[in-house]
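In what follows, a structure is listed as structure tokens, so that the remarks can point back to it.
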Amino acid sequence: MLKNKSVLVTGSEGQLGKTLQKRCLNNHGFDWIFLPKEELDIIETKEIQAAFKKYNPKFCINCAAFTDVLKSEKQPSLAFKINVEGVKNLTQICNDNETILIHISTDYIFDGSKKRPYVENDKANPLNAYGMTKYLGEKHVLGNANFGYIVRTSWLYSKNFGYNFYRNILNEASTGNEIKVVKDQYGTPTNTEKVADFIVKIIISLPEKGVYHCAGEEIMSWYDFANKIVKENNYPNKIIPIKSNSGVVKRPSYSPLKNTEI
Ligand SMILES: NC(=O)c1ccc[n+]([C@@H]2O[C@H](COP(=O)([O-])OP(=O)(O)OC[C@H]3O[C@@H](n4cnc5c(N)ncnc54)[C@H](OP(=O)(O)O)[C@@H]3O)[C@@H](O)[C@H]2O)c1
């Protein structure tokens with residue numbers, strides 16, 4: 001059994017989980033345990049209990065989530081099972097083992113009507129099923145975890161891992177075609193490396209428990225972001241601005257997060 005310096009990461013094959021692996025393995029004075037869904041499914045209480053028994057983690061970083069916004073709208077019960085029930089399971093088992101829970105949440109808990117960057121205690125009002133499940137998950141952690149942090153981030157992307165806007169635009173750019181991108185939604189694109197480093201800062205400095213915002217510094221639309229991506233990768237593609245289609249799934253028109261200093 002590992003000593004009390006271990007950090008267990010769930011959902012370790014997602015873009016944030018993989019970034020944490022790259023930046024943290026054998027690092028920062030902690031023993032890192034990275035568990036993919038196949039080894040630890042947060043819906044399965046017994047799997048969590050077995051992992052906690054084996055590793056005795058001091059911290060649990062929950063990178064596991066159902067993150068597909070469109071699929072969440074079509075299959076809300078599945079999103080609920082993972083983003084709410086799974087988070088309840090983790091919270092309970094963290095409490096039972098005196099483990100500090102760091103749970104990741106999203107700008108999509110907000111409705112976008114504020115028109116200024118959101119701060120930690122702004123009122124949530126999710127517009128879609130994904131946002132609602134993430135809101136319920138974080139609310140449970142805040143109300144029930146003996147020691148828990150919520151790290152809210154927004155428009156998360158990794159240049160190296162996973163399925164995200166940055167890599168999608170690069171793929172499309174490589175075809176040489178024009179790319180149509182929504183111009184009426186604004187946010188703060190956030191590199192997973194920034195969030196990984198922020199999480200490490202939390203486990204090292206142990207600030208007060210509560211909600212923390214970690215997002216990119218620049219506010220932009222998806223259209224602006226696409227232009228930035230093609231430019232920084234020297235692609236010549238023309239980006240065509242389009243209006244969002246709120247008939248499919250509603251998204252906040254303005255959800256930048258104001259960063260929390262720690
Ligand atoms: N992506 C964004 O734009 C964004 C923005 C703001 C906040 N966030 C939040 O940031 C966190 C990390 O997101 P991400 O972008 O890294 O997501 P991601 O790339 O979709 O990774 C999520 C990981 O969780 C795994 N997973 C799904 N269900 C699971 C379960 N029941 N038990 C264990 N693992 C499970 C997934 O495995 P499978 O792929 O095999 O299902 C995947 O490896 C999430 O909490 C997300 O809500 C994301």
Side-chain angles (χ1 to χ4, degrees), residues 8-23 33-51 60-72 75 77-90 93 101-110 118 124 126 128-138 140-141 148-169 185 187-196 198-199 211-216 222 225 249 251-252 255-257 259:
L8 187 152
V9 181
T10 62
S12 65
E13 288 298 294
Q15 56 169 343
L16 180 58
K18 279 194 165 169
T19 306
L20 270 165
Q21 292 193 49
K22 188 173 143 207
R23 284 180 101 75
I33 304 123
F34 292 99
L35 298 180
K37 183 166 84 180
E38 294 66 34
E39 285 180 57
L40 194 170
D41 185 328
I42 63 168
I43 292 173
E44 302 296 335
T45 312
K46 283 193 176 141
E47 287 187 20
I48 310 172
Q49 281 166 337
C60 173
I61 302 173
N62 183 32
C63 295
F66 191 88
T67 57
D68 189 317
V69 178
L70 190 56
K71 274 195 194 153
S72 297
Q75 296 172 272
S77 57
L78 182 55
F80 186 89
K81 202 159 193 188
I82 296 166
N83 295 341
V84 185
E85 296 296 338
V87 173
K88 284 186 182 177
N89 294 339
L90 277 179
I93 294 167
L101 176 61
I102 300 174
H103 176 64
I104 319 300
S105 193
T106 171
D107 56 322
Y108 274 22
I109 68 154
F110 296 119
Y118 282 94
N128 55 46
Y130 167 73
M132 178 56 82
T133 60
K134 292 297 294 183
Y135 169 60
L136 294 173
E138 65 167 72
H140 185 82
V141 171
Y149 295 97
I150 301 295
V151 175
R152 271 192 211 130
T153 186
S154 68
W155 294 24
L156 197 57
Y157 70 92
S158 160
K159 294 183 182 180
N160 305 305
F161 308 117
Y163 183 78
N164 59 59
F165 185 83
Y166 192 100
R167 286 159 59 85
N168 286 346
I169 292 293
Q185 291 168 357
T188 30
T190 310
N191 193 315
T192 49
E193 293 185 351
K194 178 169 185 178
V195 182
F198 190 84
I199 291 169
V211 181
Y212 288 77
H213 282 184
C214 173
W222 292 115
F225 190 26
V249 48
R251 294 167 193 258
S255 58
L257 300 179
N259 280 301

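When a ligand or atom number is given, it counts from 1 through the structure's own listing order.
- Summarising the geometry, atom CD1 belonging to Ile104 is positioned 5.5 Å from atom CG belonging to Leu16; distances are rounded to the nearest 0.5 Å.
- Considering backbone and side-chain N/O of Asn62, none are found under 3.5 Å from N/O of ligand 1.
- Ligand 1 has at least one atom lying under 4.0 Å from a heavy atom of Cys63.
- Relative ring orientation between Trp155 and Trp222 is described as parallel, the plane-to-plane angle staying below 30° on a 0-90° scale split at 30° and 60°.
- Put simply, no part of Thr10 is less than 4.0 Å from ligand 1, judged by heavy atoms.
- Counting the atoms of ligand 1 from 1 in the order shown, those under 4.0 Å from a heavy atom of Lys134 are 44 (C), 45 (O), 46 (C), 47 (O).
- Residue contacts with ligand 1, taken as heavy atom pairs separated by less than 4.0 Å, involve Leu16 via backbone and side-chain atoms alike.
- With hydrogens left out, the protein atom closest to atom 34 (N) of ligand 1 is Ala64 CB, 3.3 Å, a heavy atom.
- For atom 39 (O) of ligand 1, no protein heavy-atom neighbour is found at a distance under 4.0 Å.
- By heavy-atom distance, the residue among Val195, Asp107, Thr190, Leu156 lying nearest atom 48 (C) of ligand 1 is Leu156.
- For Lys194, the NZ atom is densely surrounded, since the number of other residues' heavy atoms within 6.0 Å is greater than 12.
- Judged as a salt bridge (charged side-chain N to carboxylate O under 4.0 Å, His left out), the pairs with a partner in residues 153-166 (not counting sequence neighbours) are, in order, Lys159-Glu232.
- Relative to atom 25 (C) of ligand 1, the option among Gly137, Gly11, Gly131, Ser255 with the closest non-hydrogen atom is Gly11.
- Here the straight-line distance linking atom CZ of Phe161 with atom OH of Tyr166 works out to 14.0 Å at 0.5 Å rounding.
- Between the NZ atom in Lys18 and the CG atom in Asn160 there is a gap of 10.0 Å [rounded to 0.5 Å].
- Within the 4.0 Å heavy-atom cutoff, Tyr157 does not count among the residues contacting ligand 1.
- In Tyr130, the part holding a heavy atom less than 4.0 Å from any atom of ligand 1 is the side chain.
- Taking only non-hydrogen atoms, the option from Thr192, Ile104, Val151, Asn164 nearest to atom 9 (C) of ligand 1 is Ile104.
- When the heavy-atom distances from atom 37 (O) of ligand 1 to Glu13, Lys37, Glu39 are ranked, the shortest goes to Lys37.
- For ligand 1, the atoms lying closer than 4.0 Å to a non-hydrogen atom of Thr153 are 6 (C), 7 (C).
- The shortest separation from a heavy atom of Leu40 to ligand 1 is under 4.0 Å, placing the residue in contact.
- Separating the OH atom in Tyr149 from the CG atom in Leu101 is a distance of 11.0 Å, to the nearest 0.5 Å.
- Among all non-hydrogen protein atoms, the one lying nearest atom 1 (N) of ligand 1 is Gln15 NE2, 3.5 Å.
- Put simply, SG on Cys60 and CD1 on Ile33 are 10.0 Å apart, with the number rounded to the nearest 0.5 Å.
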- Any chance you could lay out the side chain to side chain contact (heavy atoms under 4.5 Å, CB included) test for Asn83 and Leu136, step after step, and finish with the verdict? CA-CA 8 Å; Asn83 295 341; Leu136 294 173; over 6 Å; no
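- Side-chain atoms of His103 never come within 3.5 Å of backbone atoms of Gly148 as a donor-acceptor pair (strictly under, hydrogens ignored).
- Without hydrogens or angle criteria, Ser154 side chain to Thr188 main chain gives a donor-acceptor distance under 3.5 Å.
- For atom 31 (N) of ligand 1, the choice among Leu78, Asp41, Asn83 with the nearest heavy atom turns out to be Asp41.
- A donor atom on one side chain and an acceptor atom on the other are found under 3.5 Å apart for Ser105 and Glu138.
- No donor-acceptor pair closer than 3.5 Å links the side chain of Thr133 to the backbone N or O of Phe80.
- Counting heavy atoms closer than 4.0 Å to ligand 1, residue Ile82 contributes side-chain atoms (C-beta onward) but none from N, CA, C or O.
- Comparing Thr106, Thr67, Ile48 against atom 20 (O) of ligand 1, the shortest heavy-atom distance belongs to Thr67.
- Between the side chain of Asp107 and the backbone N or O of Pro256, no donor-acceptor pair lies under 3.5 Å.
- Nearest-residue assignment for atom 24 (O) of ligand 1 (options Ala65, Cys214, Ser158, Gly14; heavy-atom criterion): Ala65.
- Using a 4.0 Å cut-off between heavy atoms, Ser105 contacts ligand 1 through its backbone alone, with no side-chain atom that close.
- When heavy-atom distances to ligand 1 are checked against a 4.0 Å cut-off, Arg152 has no atom that comes that close, whether in backbone or side chain.
- For atom 32 (N) of ligand 1, the closest non-hydrogen atom of the protein is Ile42 N, 3.0 Å.
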